[in-house]
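Scroll down for the structure; my scribbles are underneath it.
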Amino acid sequence: MPSQTLFQYCQKLVILSADKSKVLLAKRRREADYDGVYSFVGGKMETTDKSILAGMKREKDEEIGVKAKINVLPNETYNILFRKSDGLSMILPHIAGVFVSGDIVLSDEYSDYQWVDIAGIESFEPKIENVPELTYWAQNKLSNASQDFVEI
């Protein structure tokens, strides 16, 4: 029998404050690989999502609320391959965005959120190890954006 490679596609939002000095991190709850650890919000694409951007908006609405408005760069991602503890693989495209307005209302997937100063992101804990690298990438992309933002 030929071997199969199975993976999940799981978009993540790297959301910076309007002045691009802070990043939004949420503390995972009941998550096999990163329970109790701060990470970016986002989740798996579903077959009902009409596009990647529609899937990202759905996840944003589910995880931090429909009133939270984010401007994203829709055509640029920072992609990571992640191997889960159960053996499955995930492709994680990270999308850079800026918080525009609204209230953050966390889903029960998270126990807390914080706006973390980017200047202190290296020492902030507990976090997923690639948070600083992805935060710096987003800060650079958002500060030098030459394309139009899309609000989700």
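These numbers were taken from a predicted model, which means no experiment stands behind them.
A donor atom on one side chain and an acceptor atom on the other are found under 3.5 Å apart for Arg83 and Ser89.
Counting all heavy atoms, side chain and backbone alike, Val98 lies closest to Ala18 at CG1-CA, 3.7 Å. Considering every non-hydrogen atom in both Ala54 and Ser51, the closest pair reads N-OG, 3.0 Å. Nearest heavy atoms, Pro132 versus Glu122: CB-OE2, 3.7 Å. The two residues Ala96 and Ala138 have their closest heavy-atom pair at CB-CB, 3.8 Å. Residues Glu109 and Glu63 share a closest heavy-atom pair of OE1-OE2, 3.3 Å.
Side chains of Cys10 and Lys12 form a contact here, defined as non-hydrogen atoms less than 4.5 Å apart. Taking the side chain as every heavy atom from C-beta outward, Leu142 and Asn71 never approach each other to under 4.5 Å. Residues Phe99 and Leu24 are not in side-chain contact: their nearest non-hydrogen atoms beyond the backbone lie 4.5 Å or more apart. At least one side-chain heavy atom of Ile80 sits under 4.5 Å from a side-chain heavy atom of Asn130. Side-chain contact check for Ile15 versus Val41: some heavy-atom pair is nearer than 4.5 Å. In this structure, Leu13 and Val72 have side chains that are in contact, with non-hydrogen atoms separated by less than 4.5 Å. With a 4.5 Å cut-off on side-chain heavy atoms, Glu62 and Ser107 do not count as touching.
To the nearest 0.5 Å, the span separating CE on Met45 from CD1 on Ile91 amounts to 12.5 Å. Here the CG atom belonging to Asp61 is positioned 8.0 Å from the CD1 atom belonging to Ile152, to the nearest 0.5 angstrom. The line from CZ of Arg28 to OG of Ser111 is 10.0 Å long, rounded to the nearest 0.5 Å. The line from NZ of Lys69 to NZ of Lys60 is 5.0 Å long, rounded to the nearest 0.5 Å. Interatomic distance, CD1 of Ile64 versus CG of Asp103, reported as 11.0 Å (0.5 Å rounding).
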- Message: Thr77 vs His94, test: side chain to side chain contact (heavy atoms under 4.5 Å, CB included). Steps then yes/no.
- Response: CA-CA 5 Å; Thr77 61; His94 291 75; 6.0 Å; no
- Task: Report the C-alpha separation of Gln139 and Ile118 in whole Å, then their side-chain angles, then the decisive distance to 0.1 Å, and conclude whether the side chain to side chain contact (heavy atoms under 4.5 Å, CB included) test is met.
- Result: CA-CA 9 Å; Gln139 189 178 44; Ile118 293 174; 3.6 Å; yes
- Task: Report the C-alpha separation of Asp49 and Arg58 in whole Å, then their side-chain angles, then the decisive distance to 0.1 Å, and conclude whether the side chain to side chain contact (heavy atoms under 4.5 Å, CB included) test is met.
- Result: CA-CA 8 Å; Asp49 294 331; Arg58 179 189 49 74; 2.8 Å; yes
- Trace of the side chain to side chain contact (heavy atoms under 4.5 Å, CB included) decision for Ile70 with Phe149: CA-CA 9 Å; Ile70 313 296; Phe149 289 92; over 6 Å; no
- Verdict with reasoning, Asp35 to Arg29, per salt bridge (charged side-chain N to carboxylate O under 4.0 Å, His left out): CA-CA 5 Å; Asp35 185 46; Arg29 181 190 332 209; over 6 Å; no
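Side-chain heavy atoms closer than 4.5 Å link hydrophobic residues (I, L, V, M, F, W, Y) into clusters, and following such links, possibly through other members, connects Tyr110 to Trp115. Clustering ILVMFWY residues whenever any of their side-chain heavy atoms sit less than 4.5 angstrom apart, transitively, puts Leu73 in the very cluster that holds Val23.
When each of Tyr38, Tyr136, Phe40 is checked for a side-chain contact (heavy atoms from CB on, under 4.5 Å) with Val131, only Phe40 meets the rule.
No side-chain donor-acceptor contact under 3.5 Å links Lys22 to the backbone of Asp19. With Asn140 contributing its side chain and Trp137 its backbone, the two residues share no donor-acceptor pair below 3.5 Å.
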